[in-house]
Student: 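Take this structure first; my questions come after.
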There are 2 protein chains.
Amino acid sequence: MVTIADVARHAGVAASTVSYVLSGKRAISTDTRERVQRSVRALGYRPNASARALASQRSNVLALVIPLRTDMHVPVMMQFAAAIVTTARRYDHDVLLLTADEGPEGLERVAQSSLVDALVVMDIELHDQRVPVLRELPMPSVLIGYPDDADGLTCIDLDFVAAGARCVDHLADLGHRSLALLGTPTTVYERQTAFAQRTLTGFEEAAERRGVLGVETPCEHTFDAVLHTVQRLLDNHPDITGLVVQNEPIIGPLLDVLRRLGRRVPEDMSLVAICADDVAERQVPRLSSVTIPAERIGGQAVESLISKLEGADVAALTLLPAALTARESSCQAPHRDLTTA
Amino acid sequence: MVTIADVARHAGVAASTVSYVLSGKRAISTDTRERVQRSVRALGYRPNASARALASQRSNVLALVIPLRTDMHVPVMMQFAAAIVTTARRYDHDVLLLTADEGPEGLERVAQSSLVDALVVMDIELHDQRVPVLRELPMPSVLIGYPDDADGLTCIDLDFVAAGARCVDHLADLGHRSLALLGTPTTVYERQTAFAQRTLTGFEEAAERRGVLGVETPCEHTFDAVLHTVQRLLDNHPDITGLVVQNEPIIGPLLDVLRRLGRRVPEDMSLVAICADDVAERQVPRLSSVTIPAERIGGQAVESLISKLEGADVAALTLLPAALTARESSCQAPHRDLTTA
DNA sequence: TTGAAAGCGCTAACAC
DNA sequence: GTGTTAGCGCTTTCAA
């Protein structure tokens, strides 16, 4: 292994000079700098990460806490992870992967052992056990998600309340009077996962405000679950003409089920999804949707963290606006036969 | 920050004694051990990861190189990642997440800076640029995937040649004479991704051996792509009655397309997928499939790596057998009208 | 503009 | 069974 001392000897300078050339933290004469750089290349020197971290009190590693549960095995998680790793690398940081089931102790472990400099935490619940822990940790963190008590924490997320409301408004504007939210699996609500709960809130409030019926139901990922859920929904509420879907894996099956039940999309049933744009666009018909800007959220989470590491202040809460793109799956509500009313 | 010296002082012993209590690397009297453990708890001591890594030459971190490309944004990757992280934690290791597009330099970077002790590399290509690099790296690695020149490397994967062949055999046994492999997107083949190429090989060899027609076609992830690919396939080869699918995201759309084209599954068209079991089981009809044992592969990859770190020899190549589970999507080939032959 | 030297917090060889 | 001590490879203060 090549050490900084080897480079120093080769270049005929002190080890500290090599260090300063590499870090740029003090002025170096052009001659010395070039000599050192040549030696670095000649010897193939790579600074030892542990030594550097020990001396500088900075590991240049961020923790990423991600849910690896089955009810969350969805492509959008990969998009978040990709954005976070890519952005971290741009700021010369690496990413340590933690699963959510390590729990609060996992956060304490990596933070208090100085394995990482900062944390990105996903899959936030409204009353998240990790929130008080994060608050006490001696290092910055960013939550992707918005818990109930976010005091003293930095949160970034899509404004899911607005997302739920935006879907209702879109459908209500088209004349739909009875809507349903087809949500995530039950376990996600039971955990009080923030994005799901907030969407519910937005959906309810908007339905109330617009004076339309708003029914909510969770839905598991199997085809049969989709079939039965939709059947029950339409049996109990035959007037429903508008569906809001927040459940990526069931989108394909759902379209299929509606076809089987003889409901044309959008003529008989309008659909709006909350999902990644590419998912919405590769369906037939292409879905009207509120996009989940995973890249932007992930990228901004890392940038906030880097800013905090540099001592800057960052916004406590960033809720990205929920933009709806109307595509082919939603249209004017079917004409209601007023004589039967 | 609480250091080992603080604990030593509190317990009235030398720092090295604390270290030995923690590591168990030498005998300690019960009395001393308990006193030290009490001090550790009382002070909330956590060993500093960098200091430990620097002194012991072990970071206790594994690198995981995973593809975060769009053509790979599939749940099975999450399953691999989950298994790898979970198993690593069981052996007291953490996982550093690298994206495949860091390339060979990324591997050198984390290895030569001693950021990690060992590497798990996924998404292997037949002629993978990283293979020669891994061979020269001063630390163990395990490939999930099987490149052409695997000399001196440790590889673990499903036996995809056998998987492709197993699907053909299953369908041929049922009397099907014309088969097609509906594969991954073109880019995956262009990169010569190992699992896709080897499946192709197995499919071809088995078709040849069984004397049946075996047509192959890539397929993108959009609904339209599936529709056009299948249409073209059936136009060019109207005799095809058996389909092998190796493309998780299109499974739903494919079933839909076949229905639209008036082909009942399995009566008119038998289907066998190469995918995770849960995906196969949540379709209607439930799919006959060769499972991708992501948990087992990921778990075993980490265990091999841990063994190697401990100096043990491990098998150079582990190909897990391809087991086919017959479900509802495959059956006897439809009766052929011999008069038209 | 550069060098010397003191740590950073831990492990492990050596000594008793 | 336990303590002493010399590093691990780097950063950064202090001094020149």
Side-chain angles (χ1 to χ4, degrees), chain A residues 1-37 39-40 43-61 92 109-117 138, chain B residues 1-37 39-40 43-61 92 109-117 138-139 309:
Chain A
M1 166 179 247
V2 183
T3 73
I4 202 171
D6 298 326
V7 176
R9 205 172 307 115
H10 186 273
V13 298
S16 58
T17 300
V18 176
S19 176
Y20 284 121
V21 167
L22 260 34
S23 70
K25 287 190 181 172
R26 82 174 176 194
I28 300 281
S29 72
T30 313
D31 175 52
T32 307
R33 181 177 29 256
E34 283 173 358
R35 205 142 31 85
V36 169
Q37 284 167 343
S39 299
V40 164
L43 302 181
Y45 168 68
R46 298 261 191 186
N48 179 295
S50 312
R52 183 171 259 189
L54 180 58
S56 68
Q57 315 272 41
R58 276 292 178 80
S59 66
N60 273 33
V61 175
D92 196 31
R109 183 176 63 81
V110 297
Q112 292 174 0
S113 66
S114 297
L115 232 189
V116 304
D117 295 334
Chain B
M1 166 181 247
V2 182
T3 73
I4 201 172
D6 298 326
V7 177
R9 206 171 308 118
H10 187 272
V13 299
S16 59
T17 300
V18 176
S19 175
Y20 285 120
V21 168
L22 260 33
S23 70
K25 287 191 182 171
R26 81 175 177 193
I28 300 281
S29 72
T30 312
D31 175 53
T32 307
R33 179 173 34 254
E34 283 173 358
R35 204 142 33 86
V36 168
Q37 285 166 341
S39 298
V40 164
L43 303 180
Y45 169 68
R46 297 263 190 183
N48 179 295
S50 313
R52 180 172 263 188
L54 180 58
S56 68
Q57 315 273 45
R58 278 292 178 80
S59 67
N60 272 35
V61 175
D92 196 31
R109 183 176 64 82
V110 296
Q112 293 175 1
S113 65
S114 296
L115 231 189
V116 303
D117 295 333
M139 60 181 59
L309 282 170

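Just so you know, these numbers come straight off a predicted model, no measurement behind them. Each chain gets a letter, A, B and so on, in the order its sequence line appears, and its residues count up from 1.
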Student: Please report the distance, rounded to the nearest Å, between CD in B:Q57 and C1' in D:dA6.
Tutor: 14 Å
Student: Between C:dA12 atom C1' and B:I4 atom CD1, what is the distance in whole Å?
Tutor: 12 Å
Student: Would you kindly give the CZ-to-P distance between B:R52 and D:dC10, to the nearest whole Å?
Tutor: 21 Å
Student: In whole angstrom, give the distance that lies between atom CG of B:D6 and atom P of C:dC8.
Tutor: 11 Å
Student: Taking atom P of D:dT4 as reference, at what distance in whole Å does atom CZ of B:R9 sit?
Tutor: 13 Å
Student: A:T17 has a side chain; which of C:dT2, C:dA13, D:dC10 sits nearest to it?
Tutor: C:dT2
Student: Could you check which of D:dC10, D:dT13, D:dC8 has an atom nearest any side-chain atom of A:N48?
Tutor: D:dC10
Student: Give the nucleotide from the list D:dT11, D:dG3, D:dT13 with an atom nearest to the side chain of B:A14.
Tutor: D:dG3
Student: If you measure from CZ on B:R58 to CG on B:D92, what distance do you get to the nearest 0.5 Å?
Tutor: 11.5 Å
Student: Rounded to whole Å, please give me the gap between OH in B:Y20 and C1' in D:dT5.
Tutor: 11 Å
Student: How about B:V40 and B:L22: do any of their side-chain heavy atoms sit closer than 4.5 Å?
Tutor: yes
Student: What contact category does B:S29 fall into here, base, sugar-phosphate, or nothing, at under 4.0 angstrom with non-hydrogen atoms?
Tutor: sugar-phosphate
Student: According to a strict under-4.0 Å criterion, is B:S16 in side-chain N/O contact with OP1 or OP2 of D:dT4?
Tutor: no
Student: Categorize B:T3 for me: base, sugar-phosphate, or nothing, with a 4.0 angstrom heavy-atom threshold over every strand shown.
Tutor: sugar-phosphate
Student: Map A:S19 and B:G12 onto DNA chain D by nearest heavy atom, then report which one ends up closer to the 5' terminus.
Tutor: B:G12
Student: What's the CD1-P distance between B:I28 and C:dT11, to the nearest Å?
Tutor: 13 Å
Student: Which of the following nucleotides, C:dT2, D:dC10, D:dT13, is nearest to the side chain of A:T32?
Tutor: C:dT2
Student: Should A:I4 and A:Y45 count as side-chain neighbours, where that means a heavy-atom distance under 4.5 Å?
Tutor: yes
Student: Drop me the distance from B:E34's CD to B:I28's CD1, to the nearest 0.5 angstrom.
Tutor: 12.5 Å
Student: For B:A51 and for B:R26, find the nucleotide of DNA chain C with the closest heavy atom, then tell me which residue's nucleotide is more 5'.
Tutor: B:A51
Student: Can you see whether A:T32 engages A:S29 through a side-chain donor-acceptor pair at a distance of less than 3.5 angstrom?
Tutor: yes
Student: Heavy atoms only, 4.0 Å cut-off, all strands: where does A:S50 land among base, sugar-phosphate and nothing?
Tutor: nothing
Student: Under 4.0 Å from OP1 or OP2 of C:dA12: is there any side-chain N or O of B:K25 that close?
Tutor: yes
Student: Could you check how far CG of A:L22 sits from C1' of D:dG9, rounded to whole Å?
Tutor: 13 Å
Student: Taking only side-chain N and O atoms of B:Y45, does any of them lie within less than 4.0 angstrom of OP1 or OP2 on C:dC10?
Tutor: yes
